[in-house]
Structures are given as C-alpha cells and as structure tokens.
Enquirer: 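Could you have a look at this structure, given as structure tokens, before my questions?
Sequence positions, counted from 1, serve as the residue numbers for this chain. Computed over heavy atoms, backbone and side chain alike; hydrogens, waters and symmetry mates excluded. As the structure is a computational prediction, the values presented were derived from the model and not from experiment.
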Amino acid sequence: MAFGINRHELREWKQKIDQGDIAFLTHYWLDDRFPDCKTVTKVGCHDIEKLAEWGKKYGLKKEWIHHRKDGYSHFDLLGNIQSKILQKEGFMGHLYKNKNKHT
C-alpha cells in the first residue's frame, strides 16, 4: 500500500519521465513481503535503455525494471540500496521527508 505523496509530486515525477529524464519519487509504503522497509523510491525514465544504463552503475539489472504499459516504467529501490543510491544522487531529503511524516 502506497501513501504519503500528493498529486503534485506524482505529476512532477511523471513529467520528468515524459521528458526523458531519470526521475525519483519516494513515498511511504507498507508491504508484508518487506516488513523492515517503510519507504520505496521509484526511479523511472521513458527511455528504458537510459534507465537500464543508469541502474547498471548501481548494480541494478535491466530485468528488475517494472515495465508499465502506461509508460512509467521504473526501478523500485528499497532498504540499504535505496539509501545508498539516494545519497549518491543527492536525494536523501526524500527519505527524511517520509521518515519525519510517519515515525
């Protein structure tokens, strides 16, 4: 179950993807399969090859891309890899925003 984002944030993420940019969206999230994870970051791009190349530098495999018919395909980042990538990409504020909302 996803929550903790607003329409503006979602719209902005989709616009960046539509423009061919690598776009980040972090939101609060609960899933019984991942009890230790409270947030997920979706990293998307309209250009699947560009997204796959971006992911490769972090050890992410192209097969891990969640392919969506609506064009908003993305990697789902969780746990330690999520923190490491957000830190390297300069988006740690995404985690802090969600942590402060839901602790």
Enquirer: Report the distance from atom CG of Leu77 to atom CG of Leu86, rounding to the nearest 0.5 Å.
Expert: 6.5 Å
Enquirer: State which residues pass salt bridge (Lys or Arg N to Asp or Glu O under 4.0 Å) with Lys84; sequence neighbours excluded, sorted by chain then number.
Expert: none
Enquirer: Once you round to the nearest 0.5 Å, how far does CD1 of Ile81 lie from CG of Leu60?
Expert: 5.5 Å
Enquirer: With sequence neighbours excluded, what pairs up with Trp54 under the side chain to side chain donor-acceptor pair (under 3.5 Å) test?
Expert: Glu89
Enquirer: What are the two closest non-hydrogen atoms of Gly20 and Lys50, and how far apart are they?
Expert: O-NZ, 2.7 Å
Enquirer: What pairs with Arg33 under salt bridge (Lys or Arg N to Asp or Glu O under 4.0 Å), at least two apart in sequence or on another chain?
Expert: Asp31
Enquirer: For Glu12, which residues count as a salt bridge (Lys or Arg N to Asp or Glu O under 4.0 Å) partner, sequence neighbours excluded?
Expert: none
Enquirer: Quick one: does His74's side chain have a donor or acceptor within less than 3.5 Å of a partner on Tyr72's backbone?
Expert: yes
Enquirer: Identify the heavy atoms of Ala23 and Ile17 that sit nearest to each other, and give their distance.
Expert: CB-CG1, 3.7 Å
Enquirer: List in chain and number order the residues that pass side chain to side chain contact (heavy atoms under 4.5 Å, CB included) with Asp21, two or more places apart in sequence or in another chain; answer none if no residue qualifies.
Expert: Lys16, Gln19
Enquirer: Nearest 0.5 Å, what's the CG-CD1 distance between Leu25 and Ile5?
Expert: 4.5 Å
Enquirer: Output all residues satisfying side chain to side chain donor-acceptor pair (under 3.5 Å) with Lys56, sequence neighbours left out; order by chain, then residue number.
Expert: Glu53
Enquirer: Do Leu78 and Trp29 touch side chain to side chain, with heavy atoms closer than 4.5 Å?
Expert: yes
Enquirer: How close do Lys38 and Tyr28 get, heavy atom to heavy atom, and via which atoms?
Expert: O-CD1, 3.1 Å
Enquirer: Can you name the side chain to side chain contact (heavy atoms under 4.5 Å, CB included) partners of Asn6, sequence neighbours left out?
Expert: His8, Glu9
Enquirer: Tell me if the NZ atom of Lys61 is crowded by more than 12 foreign heavy atoms within 6.0 Å.
Expert: no
Enquirer: List in chain and number order the residues that pass salt bridge (Lys or Arg N to Asp or Glu O under 4.0 Å) with Glu63, two or more places apart in sequence or in another chain; answer none if no residue qualifies.
Expert: none
Enquirer: Which residue pairs pass the salt bridge (charged side-chain N to carboxylate O under 4.0 Å, His left out) test with at least one member in residues 69-81, sequence neighbours excluded?
Expert: Lys42-Asp76, Arg68-Asp70
Enquirer: What pair of heavy atoms forms the shortest contact from Ser73 to Ile48, and how long is it?
Expert: CB-CD1, 3.4 Å
Enquirer: Where do Phe75 and Ile65 land on the side-chain contact (heavy atoms from CB on, under 4.5 Å) test, with the steps shown first?
Expert: CA-CA 5 Å; Phe75 283 109; Ile65 295 173; 3.5 Å; yes
Enquirer: Determine, stepwise, if the pair Phe24 / Trp13 fulfils side-chain contact (heavy atoms from CB on, under 4.5 Å).
Expert: CA-CA 7 Å; Phe24 293 77; Trp13 181 71; 5.5 Å; no
Enquirer: Can you sort out the partners of Lys88 under side chain to side chain donor-acceptor pair (under 3.5 Å), two or more places apart, ordered by chain and number?
Expert: none
Enquirer: Quick one: does Ile22's side chain get under 4.5 Å of Val43's, heavy atoms only?
Expert: yes
